[in-house]
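The model shown is predicted, which means the values in this text are computed figures rather than measured ones. First the proteins, then the strands, lettered A, B, ... as listed; each starts at 1.
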Protein chains: 2
Amino acid sequence: MTSTIRPLKKKKVRQENEKIILDAAEKVFSEAGYGGATMQLIADVAGLPKANLHYYFPTKESLYRQVVQNIFNVWLVAAEVFDSATGPAEGLGAYIDAKMEISRRHPAGSKVWASEVMHRAPIIHDYLETALVDWTNDRIKVMQGWVEAGLMDPIDPRHLLYMIWATTQHYADFNHQIETLNHAQPLSDKQWQAAKRNIKRIILKGIGVPESELSRL
Amino acid sequence: MTSTIRPLKKKKVRQENEKIILDAAEKVFSEAGYGGATMQLIADVAGLPKANLHYYFPTKESLYRQVVQNIFNVWLVAAEVFDSATGPAEGLGAYIDAKMEISRRHPAGSKVWASEVMHRAPIIHDYLETALVDWTNDRIKVMQGWVEAGLMDPIDPRHLLYMIWATTQHYADFNHQIETLNHAQPLSDKQWQAAKRNIKRIILKGIGVPESELSRL
DNA sequence: CATCATCCTGACCATATGGTCAGGATAACA
DNA sequence: TGTTATCCTGACCATATGGTCAGGATGATG
C-alpha cells in the first residue's frame, strides 16, 4: 500500500508544505501589504513554526517573490483565451470573462500584484520590463489588426487594454468597497453575472462591435 | 511690515509644518504602504526631526488618517462637476476628465486610498459606510433618471460607476506599469489627452450616447 | 522686561521583527 | 540495522521602529 508512495514521501512533504506556506503568505501579504506582513503571522496562518518557513524560504523577500510569480502565471494562463479568437467580440469577451473569474476566485493574488505594482514593482521590476512588455505588444498588434480589418473602431488598443485590466481587477482589489456598497454583502452569483454582462456590453459596444453581436452576452 | 503677520506667526508655523509633514507622509505612504512606511523616513523627506512629527501628530496612525481624509476631500470636490450636468455625455465626460486630472496631478493620494481600501479600509471604515455610500446612492439615482429619460442605455449605473473609478484611478495607481509599457517614459501631454479621449469615447459610446455627441470629445 | 504658551529636539526605551543555529526527529536506502 | 539526507523547531540575537521626555529656544503678551 505504501510501496508506491514511499519513495515520494519526502518530496511530497516539501511540495505540500510549500503550498501551505505560499497560500498563507498570499493571504497575509494581500491583507497587510509587504511591509505590514510578518513572518510570524504567516506562520500562524499556515499552522507551522516560524523557523519552518525559513527552512523552505530563506528570506521574507524570497517568499514574497514566489507569491508574485505564481500570480503572474495565473494572469498568463487566463490570457490564452485571447489568442484563439477571430475578433474583438469573441476575444475580448472571453478575456473579460476570464479576468473577472480570477477576480472572483483569486482576489488575494490580484491585490498582491496591485500592491507590488503600485509601489513601483521593486521585486518584479524585471518581469514587467520583459514578460509583460512582450505580452502586451503582441496583443496590441492583434487588436491593431482588428482595427485594420474593420472589426472595431480606430481605438488605441493600449488604452483599451488598460481599461479592461483596470475594470476587471477592480472587482478584486476593491472588493471591500464594492461589498460595502452592496449592503455589506459579497456579490451574489447573479450580481457577478450582471457585472460581467455590463462590462462586456459597455466595452464592446464602446469600441464599435455591432449590436447584433452583443445579444449573445 | 511684520505688524500684520506677527499675531499669526505661531499659527502659521503650525499650519506650514503640518502641510510639510502631510505632503511627505502622503509620498512615503504611497511608496511604501502603511506598514512599510517609517516615521523616520517621513521625517527625513519632510526635513524635520522625527520627534517633531510626533509633536504635531501624536501617532503614526493619526498622521495616516489625516492623509486619507485629505484625499477623500479631493475626490468629493472633483465629483461636483457631475451634478450640474444635464445628461451623461456632459456629466460623465466632465467627471472622467476631472478624475483623470487628479490621477495625473495627485497619483500619490490615489495610491494611498487604493492601498487603504485594498486592506479592507481598517482606518476609514466608517467613511466608506456613510459618506461614500450616500454619495454613491445619490449619483446612481441621477444616472437612473438618465436611463428613464432615454439619454442612455439601460445599464446598471453601479457597474458603470465602478468602471469609471477603476479606469481613471488605474492611471494613477498603476502609473509605474503604464510608464514601463511606454518605453519607461511618463505619459506626455498628448498621451494624456489621448487617454482621456479614448476612455470617454469607449464609455460614452458604450452606454448609448449618440455618435453626434461624441465628436466634441 | 517678565511671564507664558508654543515650538523644537537629542537621547532614550520597550517592543517587535527578520533571521540564525544547534540539535533532534523522520524516512530513504544500502 | 546502520548511515545518510531531509525535515523540523525552540531558543536566541542584532536591529529597527514607534513612541516618550526633559529641557531648551522662540515668539506672543502685558
ask   = Has B/Lys196 got more than 12 heavy atoms of other residues, nucleotides or ligands less than 6.0 Å from its NZ?
value = yes
ask   = Do the side-chain N or O atoms of A/Asn17 get closer than 4.0 angstrom to the phosphate oxygens (OP1, OP2) of D/dC8?
value = yes
query = For DNA chain D, which residues in residues 35-48 of chain A have a heavy atom at a distance below 4.0 Å?
reply = none
key: Distance-only side-chain donor-acceptor flag, A/Gln40 / A/Asp44, under 3.5 Å   = yes
message = Of the listed nucleotides (D/dT20, D/dG19, C/dC21), which one gets closest to any side-chain atom of B/Ala51?
response = D/dT20
query = Are side-chain N/O atoms of A/Tyr64 and A/Glu116 paired as donor and acceptor at under 3.5 Å?
reply = yes
ask   = Nearest to the side chain of B/Lys60 - C/dT9, D/dG19, C/dC7?
value = D/dG19
Salt-bridge contact B/Asp23-B/Lys27 (side-chain N to carboxylate O under 4.0 Å) = no
ask   = What nucleotide among C/dC7, D/dT20, D/dT9 has an atom nearest to a side-chain atom of B/Tyr55?
value = C/dC7
key: Rounded distance in Å - CG (B/Leu53) to P (D/dG19)   = 11 Å
inquiry  = Please tell me if A/Tyr56 has a side-chain N or O lying less than 4.0 Å from either OP1 or OP2 of D/dT6.
reply    = no
Rounded distance in Å - CZ (B/Phe57) to P (D/dT20) = 16 Å
Contact under 4.0 Å: B/Arg14 side-chain N or O vs C/dT6 OP1/OP2 = no
message = Looking only at side-chain N and O atoms, does B/Gln193 offer a donor or acceptor that is under 3.5 Å from a partner on B/Asp189?
response = no
request  = Scan for salt bridge (Lys or Arg N to Asp or Glu O under 4.0 Å) pairs involving residues 73-83 of chain B, sequence neighbours excluded, and state none if there are none.
outcome  = B/Asp83-B/Arg139
task = Calculate the interatomic distance between B/Asn52 atom CG and D/dA25 atom P; express it in whole Å.
result = 16 Å
key: Atom-to-atom span, NZ of B/Lys50 to P of C/dC13 - whole angstrom   = 14 Å
message = Starting the side chain at C-beta, find the nucleotide from C/dC8, D/dT20, D/dC8 nearest to B/His54.
response = D/dT20
task = Identify the two heavy atoms, one from A/Val147 and one from A/Ile155, that lie closest to each other, and give their separation to 0.1 Å.
result = CG2-O, 4.2 Å
remark   = B/Gln15 CD to C/dT6 P, in whole Å, measures 16 Å
task = May I ask you to list the residues of residues 19-29 of chain B, by number, that have any heavy atom positioned under 4.0 Å from an atom of DNA chain C?
result = none
message = Can you confirm whether the side chains of B/Gln69 and B/Asn73 place a donor and an acceptor under 3.5 Å from each other?
response = no
inquiry  = Is any side-chain heavy atom of A/Lys99 closer than 4.5 Å to one of A/Trp75?
reply    = yes
remark   = Here the distance between atom C1' of D/dG19 and atom CG of B/Leu63, to the nearest Å, is 14 Å
